[in-house]
Amino acid sequence: SLPGRQRIYTCDPQNSRAYWIGRRARPENHEAFTFAVGMNTLSPNFNMPLHIATALSEDLTSMVPLTTTPPAGSGCRSFEALADRLRSAAVTHVLSLDPVESPDLQPVTVVSPVEIAPASLYVYALRGSRPWRSFEGLVDGSSDSGEGRTIQLGWTGTSETRLEARTASPAWVVIRDGFTPGWRAWVNGSTAMVRETEAHHCAVRVPAGSSQVVLKYDPPGLRRGLAVLLASAFGVGALAFSGRRRQAAPGPSVPSSTG
């Protein structure tokens with residue numbers, strides 16, 4: 001396990017030599033091998049049950065702007081070209097099935113789970129990683145030495161972050177989570193603007209003093225889509241109920257003939 005609050009980046013296993021060697025070694029159960037590789041490398045979404053944060057991973061939604069993710073085919077074979085983007089995204093550790101030689105990486109450990117043999121998992125610490133949440137610049141022309149500034153994390157999840165920020169002058173708090181229009185913020189209970197930074201992260205302005213900051217993410221259009229879905233379901237249910245009532249209604253009585 002990785003100590004503390006960490007964010008990882010996984011070199012795409014299917015771009016690694018070790019993955020294809022292992023897959024060819026198991027021709028009759030390569031699906032199980034691929035599944036085990038995903039679990040051990042925490043990709044593409046096996047990190048979520050473990051609540052381990054990742055960055056710049058494969059986009060499985062087709063909703064992420066292409067400019068915010070590494071180009072297809074790029075990755076750890078040319079790690080120096082990727083290192084600055086990972087540092088900016090507050091990545092602390094890199095996982096890879098192939099060994100990666102780079103002055104930006106410090107080897108941490110190598111593990112060899114039996115379920116992915118003959119492959120092994122290389123774990124590296126990324127040197128010079130930016131903090132996940134930090135103060136970035138002042139506002140309103142304020143001057144501040146920066147001493148005494150603190151950010152204390154209260155709680156964080158996949159769609160919500162709560163923190164306390166202390167600063168002697170108004171400043172921007174940067175949260176290095178990917179910016180999208182669905183982010184909303186509150187500072188001391190009042191609605192606040194979420195600004196997109198140059199690196200496509202979230203920034204919120206806080207006043208001098210102690211501030212309680214809350215960020216929540218709601219996918220754009222989700223509530224409207226749910227309302228349309230519920231209205232459609234209600235309409236279909238009403239039509240079905242009306243049809244059953246017509247079928248159950250007795251037909252006109254026919255008088256019996258006499259004589």
Side-chain angles (χ1 to χ4, degrees), residues 1-16 18-19 22 32-61 63-64 68-70 74-76 79 82-100 102 104-117 119-134 151-163 174-180 182-183 199-202 213-217 219:
S1 61
L2 301 177
R5 298 185 182 277
Q6 311 295 339
R7 174 172 277 172
I8 67 168
Y9 173 80
T10 299
C11 304
D12 186 354
Q14 296 194 27
N15 284 339
S16 69
Y19 169 79
F33 173 75
T34 298
F35 183 83
V37 166
M39 289 189 63
N40 282 273
T41 60
L42 304 177
S43 64
N45 55 5
F46 284 101
N47 62 301
M48 298 185 68
L50 300 176
H51 303 287
I52 297 176
T54 62
L56 302 179
S57 303
E58 179 185 0
D59 173 28
L60 303 179
T61 66
M63 298 174 63
V64 179
T68 65
T69 58
S74 66
C76 297
F79 189 82
L82 186 63
D84 284 342
R85 292 193 67 178
L86 297 183
R87 275 190 281 263
S88 178
V91 169
T92 59
H93 290 81
V94 174
L95 309 182
S96 176
L97 291 184
D98 288 339
V100 182
S102 172
D104 296 299
L105 295 175
Q106 177 181 349
V108 175
T109 188
V110 181
V111 293
S112 302
V114 64
E115 61 268 22
I116 66 170
S120 296
L121 181 63
Y122 296 81
V123 181
Y124 301 92
L126 179 62
R127 292 187 170 97
S129 177
R130 303 294 302 277
W132 197 337
R133 301 156 186 92
S134 64
I151 296 178
Q152 183 175 353
L153 183 64
W155 185 87
T156 186
T158 56
S159 60
E160 182 176 347
T161 294
R162 295 175 180 266
L163 55 87
V174 173
I175 299 92
R176 289 183 173 82
D177 290 329
F179 175 87
T180 70
W183 281 108
H200 307 291
H201 299 138
C202 301
V213 181
V214 178
L215 278 88
K216 291 184 178 181
Y217 177 73

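For the single chain, residues carry numbers from 1 onward in sequence order. Side chains included, hydrogens not; waters and symmetry mates left out as well; all remaining heavy atoms used.
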Checklist line | Heavy-atom pair with the smallest gap, counting every atom of Tyr124 and Pro99 | finding: OH-CA, 3.4 Å
Check: Looking only at heavy atoms, what is the nearest atom pair of Trp183 and Cys202, with distance?
Finding: CD1-SG, 3.5 Å
Checklist line | Aromatic plane relationship, Phe46 with Phe35 - under 30° parallel, 30 to 60° tilted, over 60° perpendicular | finding: perpendicular
Margin query: Looking at Pro131, is its backbone amide N or carbonyl O close enough to the side chain of Arg176 to form a donor-acceptor pair, meaning the two atoms are under 3.5 Å apart?
Written below: yes
Next item on the list: Would you please name every residue forming a ring-ring contact (aromatic ring centres under 6.0 Å, His included) with Tyr19, sequence neighbours left out?
Entry: Phe33
Notebook entry, point to check: Hey, what do you get for CG (Asn47) to CE (Met39), rounding to the nearest 0.5 Å?
Noted result: 12.0 Å
Next item on the list: Could you list the residues that satisfy side chain to side chain contact (heavy atoms under 4.5 Å, CB included) with Val114, not counting sequence neighbours?
Entry: none
Check: When rounded to the nearest 0.5 angstrom, what distance separates NE2 in His200 from OG1 in Thr180?
Finding: 13.0 Å
Margin query: If the condition is side chain to side chain contact (heavy atoms under 4.5 Å, CB included), which residues does Ala199 pass it with, not counting sequence neighbours?
Written below: Ser88, Thr197, His201
Item checked: Separation of Leu95 CG from Tyr122 OH (nearest 0.5 Å) -> 13.5 Å
Next item on the list: Applying side-chain hydrogen bond (donor to acceptor under 3.5 Å, both in side chains), name anything that partners Ser43, two or more places apart in sequence or on another chain.
Entry: Thr41
Checklist line | Atom of Asp104, atom of Leu126 and distance for their closest heavy-atom approach | finding: O-CD1, 3.5 Å
Item checked: Counterpart residues, side chain to side chain contact (heavy atoms under 4.5 Å, CB included), relative to Arg127 (two or more places apart) -> Gln106
Next item on the list: Go through the structure and list residues passing side chain to side chain contact (heavy atoms under 4.5 Å, CB included) with Glu115, not counting sequence neighbours.
Entry: Ala36, Asn40, Pro113
Note to self: Between Thr54 and Ile8 (side chain of the first, backbone of the second, donor and acceptor by atom type, cut-off under 3.5 Å), is there such a pair?
What the structure shows: no
Notebook entry, point to check: Does the side chain of Leu97 come within less than 4.5 Å of Cys11's, by heavy atoms?
Noted result: no
Check: Who are the salt bridge (charged side-chain N to carboxylate O under 4.0 Å, His left out) partners of Asp98, not counting sequence neighbours?
Finding: none
Check: How many angstroms lie between atom CD1 of Ile151 and atom OG of Ser134, to the nearest 0.5 angstrom?
Finding: 6.0 Å
Margin query: If you compare all heavy atoms of Val108 against all heavy atoms of Ala125, which two are closest, and at what distance to 0.1 Å?
Written below: CG2-N, 3.5 Å
Checklist line | Which atom of Ala89 lies closest to which atom of Arg7, heavy atoms considered | finding: O-NH1, 2.9 Å
Check: Are any side-chain N or O atoms of Tyr9 and backbone N or O atoms of Leu86, one a donor and one an acceptor, separated by less than 3.5 Å?
Finding: no
Check: Say you draw a straight line from CD of Glu160 to NZ of Lys216; how long is it, rounded to the nearest 0.5 Å?
Finding: 4.5 Å
Checklist line | Straight-line distance of Ser96 OG to Leu121 CG, nearest 0.5 Å | finding: 8.0 Å
Check: Mind checking what makes side-chain hydrogen bond (donor to acceptor under 3.5 Å, both in side chains) contact with Ser112, not counting sequence neighbours?
Finding: Ser120
Check: Looking only at heavy atoms, what is the nearest atom pair of Pro13 and Val37, with distance?
Finding: CB-CG1, 3.6 Å
